[in-house]
Amino acid sequence: MAKEKAQILDQDGIRRSLTRIAHEIIERNKGIDKLALIGIRRRGAPLAERLAVRIKEIEGRAAPVGILDITLYRDDLMTLERQPLVRSTEVPFPVLGKTVVLVDDVIYTGRTIRAALDALLDLGRPRVIQLAVLVDRGHRELPIRADYVGKNVPTSKKEVVSVRLKEIDGEERVVILESPD
Amino acid sequence: MGLSGKDLTGLRNVSPGEIQLILDTAAPMKEIIKRQIKKVPILRGRTVVTVFYETSTRTRTSFELAAKYLSADAVNIAAATSSVKKGESLKDTARTIEAMGADVVALRHPMAGAAELLGGCLGARVINAGDGAHEHPTQALLDLFTVREKKGRIEGLKVAIIGDILYSRVARSDIWGYTKMGAEVRLAGPATLMPPGMEKFGVKVCSCLEEALDGADVINVLRIQLERQQHGLFPNLQEYSRLFGIDRERLRLAAPGALVMHPGPMNRGVEISAEVADGLQSVINEQVTNGVAVRMALLYLLIGGGAQNEANY
Amino acid sequence: MKLIIRGGMVIDPVTGSMSEKDILVSKGRIAGIDAGIGSNGATVIDARGKLVAPGLIDMHVHLREPGYEPKETIYTGTRAAARGGFTSVACMPNTNPVADNAAVVSFIKDKAAAQGVVNVYPIGAITRGSKGGELAGLGDMREAGAVAFSDDGSPVMNAGLMRRAMQYARMLGMTIISHCEDINLSAGGSMHEGYISTVLGLKGIPSSAEEVMVARDIILAGETGCRLHIAHVSTAGSVRLVREAKARGVRVTAEATPHHFTLTDEAVLGYDTTTKVNPPLRLVEDVAAVKEGLADGTIDVIATDHAPHTLEEKDVEYERAPFGLVGLETAVGLVWTELVATGFLTPLQAITMMSQNPARVLGIPRGTLEIGADADITIIDPDFSGVVDPVQFAGKGRNTPFGGRLLKGLPRATIVGGRVVMQGGYVNR
């Protein structure tokens, strides 16, 4: 098991980051007309839900929320030790012409986002796609950047950034783990 | 996660957990089929070869669509029954397939055990698409998927399987599948078409159709082949229909909202009345769509990667 | 040239005795049995700790020659016999051409004399071409050296014809060997009909397919007075029918094969075509009944139904594979491992069923260690064990379901007419 090295965000830190991102989304898009939030499984999904709640609190109106499963778009399946489960993609609204904010917990190499972009484009043609992440840990391998970032955290490749959310993990914090080898 | 065996030759050797995994994976696959763009890139560069020694447009097309929706290349080797009779061995075909660099082979063959034989001499993974009277696992999986989708569960349901059990590979795979998933299975059909040892499968052999239908949640109707009559296994189609045909009246014996299923192609007016086949309780068309989803799930689980998966070779 | 077999436990079914003795072989015959025979320049085989038995006889083999030489020849088949501890075999007539006339019977005898290493006794066909139409030349074949008549794998379905064959064979003083199978009941089947055939989706051969014919032939034998030998009994019902017929005084004998007292239909799971045999491998109850039949004398003979096929013929879909498995080179080990070591048979019983009894059924002067008899001797080491490796077989067929099985109690020497044809598992050139 990897050893915990440092805590980057606590419960309040996560809450504040999301609130800020919600404001930034509204501000950047001048309101929430045609806005949709799509979380990337697994931890992007609850984060998208939370952003939607914040946005509704601010704007008084809800933006539609969807979930994207990118398993079938991954480029690293052959190198994974275990075959990932395919889960459902739940985007119960047309994405055509929408401003879609993709939501994920951590951006790292950018490959997940590449897969998510492909998956999203197979669902239709959004007008704009933006990206919101809770943590940007650097080390990009593709020309991809996030539009909204909760926290930039310089890391080494040996480290793992673990986002723990109460919906999935039963706790609220973001930590850096040192990989054992 | 993944499937434990290299090949899928039947449901007899598949665990309930594996069946669950296949059905769980088929659900998101079905969602892809419903999209406008019915294609995901996961099996890009992979080759799926269908080898059919019996004609079955439905099953073959289903495998091909499943492969294409996952971006694999699908190739069909038309292996007519005549070439079997000519004595060309399955092993010769195997060499051809190996040379093509196939990743998965879906085999339909008139002889029981053919899929196991082929799997034994191929590095590629083999899916049994029906071998003689042995098994037809993908048909059973799509039946299970359909039932779970419509009824929300399989466990505890009363399932009737009606007709020619003796020669039916669908019946065998269905029996393994339903019993493994906790359903109560009842069989009815002519005594001459009921194979021995059925009680050892943990199913109930009913003395008449009515007993099997009583309160059933699912009715699986099997196709009756005219050829069986020629071999003296039952007197004539009219009598078969009278004793074992499913019509509106008999459907009332089943539980309200019971599902009517048929692996196709149907003999309307023989084992099933047109009224029932096209009625509200029939999910026969849905079965076809689900067949593609289930086969997509299998292709993903068999060749969709994961180092552990590859190491099974 | 003299030979002394020194210090073995000599089993003589004729006297029913077992004692440690030396056997002196001279001019191809047994010249003396006694303790402490002087060597006097003779070749000595050390048989201490081993069993010395009359040469074993397999009364049911397929040598495949003439016509099916890729499967087996008289040359290879007799070497398989020698390696398996058999000094005599009786071969079935389903060759090409069928052994339904004196010429083919003579051909087999001549070829065996020229190229074989064990005694070969041809069995003639009952009907011409074994087609079940008209009687073959039974009298001529007897003259040519046929020891019994059988249509083995092509059973005589016409009861009237079988009755006439029995009447005629009785006149000749010959035995009819019946492969009991009603082909209307077995039609298209490739394994025993039961739970396993249902699981595998293979068409089954019901027990009744055999039992109906056992019953028919027993009735006909009772009526005609012909000696009837039931080949490869495989079901509990058949054992019962034979037992009951013997009690009534019908002149019926029966044989069982090692595979039928060892394996059940569960061996077919996985579609291994070496398990495809006719009659098929049956149920646990049937195996138990066959063993019981052997133990109580209902079944007289252990025979192998040695049926070699080429690799290509067996390397196909189960339903397309031919019936049959090779048995000569595993029989003794299976008898010892499955029946003697487990206490179902005494060594004397086992030897009797593989020597004296088949000799009696066939009416041949063998299966004995009497002074003056041909020196046909088999030496078995009850403690010697080995794993069955089909690659080592002297016969051409590799189609055995016993590959990889550990057997204990193996033949160590085969002596035919005073000549050592096998020693230590190697057939002498």
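Just so it is clear, the model here is predicted, and its values are computed rather than measured. Quick note on labels: first sequence line is chain A, next is B, and so on, each numbered from 1. Side chains included, hydrogens not; waters and symmetry mates left out as well; all remaining heavy atoms used.
Atom CZ of A:R28 has more than 12 neighbouring heavy atoms from other residues, nucleotides or ligands inside a 6.0 Å radius. In A:E27, the CD atom is not crowded: 12 or fewer heavy atoms of neighbouring residues, nucleotides or ligands sit closer than 6.0 Å. No more than 12 heavy atoms of other residues, nucleotides or ligands shown are found within 6.0 angstrom of NZ on A:K56. When the shell of 6.0 Å around NZ of B:K151 is examined, it contains more than 12 heavy atoms from other residues, nucleotides or ligands. Within 6.0 Å of NZ on A:K98 lie more than 12 heavy atoms contributed by other residues, nucleotides or ligands. More than 12 heavy atoms of other residues, nucleotides or ligands shown are found within 6.0 angstrom of CD on A:E59.
With sequence neighbours excluded, the residues that form a side-chain contact (heavy atoms from CB on, under 4.5 Å) with A:V53 are A:E57.
When heavy atoms are compared at a cutoff of 4.5 Å, B:E31 approaches chain A solely by way of its side chain, counted from C-beta outward. In this structure, no portion of A:I70 lies under 4.5 Å from any heavy atom of chain B. Contacts between B:K39 and chain A at a heavy-atom distance below 4.5 Å involve the backbone alone (N, CA, C, O).
Within the model, atoms CZ of B:R35 and CG of A:D122 stand 6.5 Å from one another, a figure rounded to the nearest 0.5 Å. Taking CD1 of B:I42 as the reference point, atom OG1 of A:T71 lies at 7.5 Å (rounded to 0.5 Å). Distance CG/A:L85 to CG/B:L21: 6.0 Å, rounded to 0.5 Å.
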For this session: Any chance you could lay out the side-chain contact (heavy atoms from CB on, under 4.5 Å) test for A:L72 and B:I32, step after step, and finish with the verdict?
Result: CA-CA 10 Å; A:L72 298 172; B:I32 292 167; 3.3 Å; yes
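For the set A:G124, A:A119, A:S88, the entry with the most heavy-atom pairs within less than 4.5 Å of chain B is A:S88.
A:Q83 contributes no side-chain N or O that, together with a main-chain N or O of B:I303, makes up a donor-acceptor pair within less than 3.5 Å.
Of all heavy-atom pairs between A:P84 and B:Y300, the closest is O-OH, 2.6 Å.
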